[in-house]
Amino acid sequence: MEPMVEIKALSAHAGAAVTLQGWLYGKRSGGKVAFLLVRDGTGLCQCVVEAEAADAFARANELAQESSLQVTGTVRKDERAPGGYELLVTAVRPIQIAKDYPITRKAHGVDFLMNHRHLWFRTPRQTAILRVRHRLIRSMRAFFDDRGFTLVDTPILSPGAAEGAGTLFPVDFFDEQVYLAQTGQLYLEAAAMALGKVYCFGPTFRAEKSKTRRHLAEFWMIEPEIAFAELPDLAELAEAFITHLVGDILTHCRAELETLERDMAPLERIAPPFPRLTYSEAVDLLHSGEVHERLLSELERDRACLKQWQADLGRAEEERAAAKKGWRQDKLDRQILELRENIRELDVDLRNRPGHIENARHFAWGNDLGGDEETILSRHFDKPVIITEYPKDVKAFYMKPKPDDPRVVLNLDVIAPEGYGEIIGGSQREDDFDALIARMEQEQMDRAPYEWYLDLRRYGSVPHGGFGLGVERTVAWICGLRHIRETIPFPRMMGRMTP
RNA sequence: UCCGGCGUAGCUCAAUGGUAGAGCGGGUGACUGUUAAUCACUAGGUUGUAGGUUCGAGCCCUACCGCCGGAGCCA
């Protein structure tokens with residue numbers, strides 16, 4: 001038999017007879033010629049079956065969308081073929097004939113697609129996202145591996161613990177109530193005292209009842225932890241880390257980003273130094289006339305934009321009504337759907353916006369920065385923003401207060417550009433035994449389960465810290481996705497457990 | 001938990017309170033270098049559920065269920 005070839009390698013076999021195996025992505029057929037669009041996970045290839053190849057032609061006509069098959073033929077360069085190469089078919093071998101494949105090559109709604117997630121990710125857009133995710137994870141691990149970090153796996157089952165117990169998933173562990181981990185951090189601190197620089201990478205679980213485009217109940221997080229590191233070291237590491245990730249995706253996943261129609265210009269700008277401001281400076285910025293003016297002018301601009309879109313929609317609908325059947329109508333349908341969705345979204349946004357602007361202007365020092373504030377701050381810059389030194393009261397017990405201003409802690413958040421929200425959260429940890437237990441008492445925490453953790457402060461405590469980066473939010477940002485649910489093969493979120 | 005929006009054919013959507021429709025997909029046939037092909041024919045419905053108002057409800061009212069995304073919380 002002819003050599004089995006992957007579609008991505010077709011160009012190296014021009015003129016040769018080869019066999020492809022894969023699935024039928026689409027088909028156009030007629031009396032004298034059939035075009036099979038075959039995908040194999042590495043690419044798409046148009047396979048031309050002419051009626052003279054009678055057996056192949058007959059079999060080609062039996063195939064429906066997503067049937068599995070092998071096709072043999074001669075590779076040839078052709079301008080008209082997507083990808084530039086096509087296969088002139090001599091034999092078609094169906095493996096299994098699919099019937100009534102539910103996802104057609106037309107528009108579908110989110111709920112329908114989510115219910116068919118197991119099939120949905122066969123489409124070019126979804127496979128592009130999954131490839132970016134893969135490359136991103138590989139880049140993340142390479143970044144730490146190349147800098148002398150050791151991967152340490154932390155447990156997924158963890159004893160209750162006090163911190164935000166309300167947001168954990170309870171699990172029955174031999175009649176004992178334990179929880180799914182929401183971070184590996186405490187264990188990682190122990191590992192850092194053994195190995196110096198460590199990281200963990202794994203799933204993490206949050207039972208927050210959040211149904212937004214930024215939330216998953218189960219997501220993946222990579223967390224470095226470093227002995228002898230202070231807040232500025234962490235900020236520098238986070239900056240280098242993100243720069244590395246974006247650069248790596250831009251070099252290795254251009255085709256995928258093009259498939260996703262991601263505007264790459266904002267990504268090309270990602271380079272050190274990132275803007276850094278303290279929480280207090282961020283609050284001042286929110287209060288500033290400069291920001292207020294900008295928000296108001298953006299509001300005006302977006303209102304004009306809404307009107308423009310509504311006009312576009314009206315025009316498209318008129319044109320749709322007048323259009324003849326066929327691809328022209330099809331294209332208009334797509335435009336209309338997209339416009340409607342954008343309009344609905346912007347309309348809601350515009351109605352909420354004046355309130356947000358007022359909230360920002362009167363934001364009180366001491367509150368945690370919410371999604372709106374983050375968005376406002378991130379829109380003020382065109383790179384990720386590092387915000388440090390939040391009020392102690394809104395942060396976790398293990399964060400080290402700033403020596404000369406104990407109202408705040410030595411923490412950092414990194415806010416992604418373009419409104420994608422917080423992608424990194426971390427801190428320098430409290431390394432002093434007495435200060436740590438004082439804080440735990442303040443929070444009325446039960447000390448017993450933490451004795452092992454306190455040992456780290458008893459035996460050779462050193463300044464240290466780390467952060468966690470959310471994989472899915474980072475994928476969503478880099479790919480420019482509207483929703484985080486597309487960034488993970490099988491999303492787990494409130495109200496969604498299948499498939 | 002709160003706020004807002006939406007539930008009509010397998011899918012995406014139409015339908016002044018007055019005979020439930022289109023496109024796609026499925027089926028049958030025709031046609032051919034097609035690009036989410038095209039043309040003709042065809043099958044396909046308890047309008048989310050339960051009440052109510054009305055001569056008459058897909059449309060109005062009430063409750064519930066489901067979905068969407070925003071707040072809170074967070075990566």
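Hydrogens, waters and symmetry mates are skipped; everything else that's a heavy atom, side chains included, is used. Each chain gets a letter, A, B and so on, in the order its sequence line appears, and its residues count up from 1. Given the structure is predicted, the values throughout are model-derived calculations rather than measurements.
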Point to revise | Residues that Thr127(A) engages under side-chain contact (heavy atoms from CB on, under 4.5 Å), provided they are two or more places apart | key: Arg131(A)
Practice item. Would you classify His483(A) as touching base, sugar-phosphate or nothing, given that sugar-phosphate means primed atoms plus P, OP1 and OP2, and contacts are heavy atoms under 4.0 Å? Key: sugar-phosphate
Point to revise | Residues from residues 484-499 of chain A lying under 4.0 Å of RNA chain B - heavy atoms | key: Ile484(A), Arg485(A), Gly495(A)
Check your understanding: side-chain hydrogen bond (donor to acceptor under 3.5 Å, both in side chains): which pairs involve residues 417-426 of chain A, sequence neighbours left out?
Key -> Arg262(A)-Glu418(A)
Review point. How would you list all residue pairs meeting salt bridge (Lys or Arg N to Asp or Glu O under 4.0 Å) that involve residues 26-35 of chain A, not counting sequence neighbours?
Key: none
Review point. Tell me the salt bridge (Lys or Arg N to Asp or Glu O under 4.0 Å) pairs involving residues 42-58 of chain A, sequence neighbours left out?
Key: Asp55(A)-Arg59(A)
Study note, to complete from the structure: The complete set of salt bridge (Lys or Arg N to Asp or Glu O under 4.0 Å) pairs with one or both residues in residues 481-499 of chain A, sequence neighbours excluded, reads Asp111(A)-Arg496(A), Arg125(A)-Glu486(A), Glu341(A)-Arg482(A), Glu345(A)-Arg482(A)
Show each protein N/O and nucleotides 4-6 of chain B N/O combination with a separation under 3.5 Å, one pair to a line.
none

**Study point:** Aromatic-base stack, Phe35(A) on rG33(B), cutoff 5.5 Å, angle under 30
**Key:** no
Exercise for review: Could you note down all residue pairs passing side-chain hydrogen bond (donor to acceptor under 3.5 Å, both in side chains) where residues 467-476 of chain A supplies at least one of them, sequence neighbours left out?
Suggested key: Arg133(A)-Glu472(A)
Review point. Quick one: ring pair (Phe, Tyr, Trp, His ring centres under 6.0 Å) pairs with a partner in residues 197-218 of chain A, sequence neighbours left out?
Key: Phe144(A)-Tyr199(A), Phe201(A)-Trp220(A)
Practice item. Output yes when at least one side-chain N/O atom of Arg214(A) is less than 4.0 Å from OP1 or OP2 of rA71(B), else no. Key: yes
Practice item. Kindly write out the residues that satisfy ring pair (Phe, Tyr, Trp, His ring centres under 6.0 Å) with Tyr101(A), not counting sequence neighbours, or none if the list is empty. Key: none
Point to revise | Residues that Asp372(A) engages under side-chain contact (heavy atoms from CB on, under 4.5 Å), provided they are two or more places apart | key: His356(A)
**Study point:** Those residues of residues 358-384 of chain A lying under 4.0 Å from RNA chain B by at least one heavy atom
**Key:** Asp368(A), Asp372(A)
Practice item. Under 4.0 Å between any heavy atoms, over every strand shown, what does Glu79(A) touch: base, sugar-phosphate, or nothing? Just pick one. Key: nothing
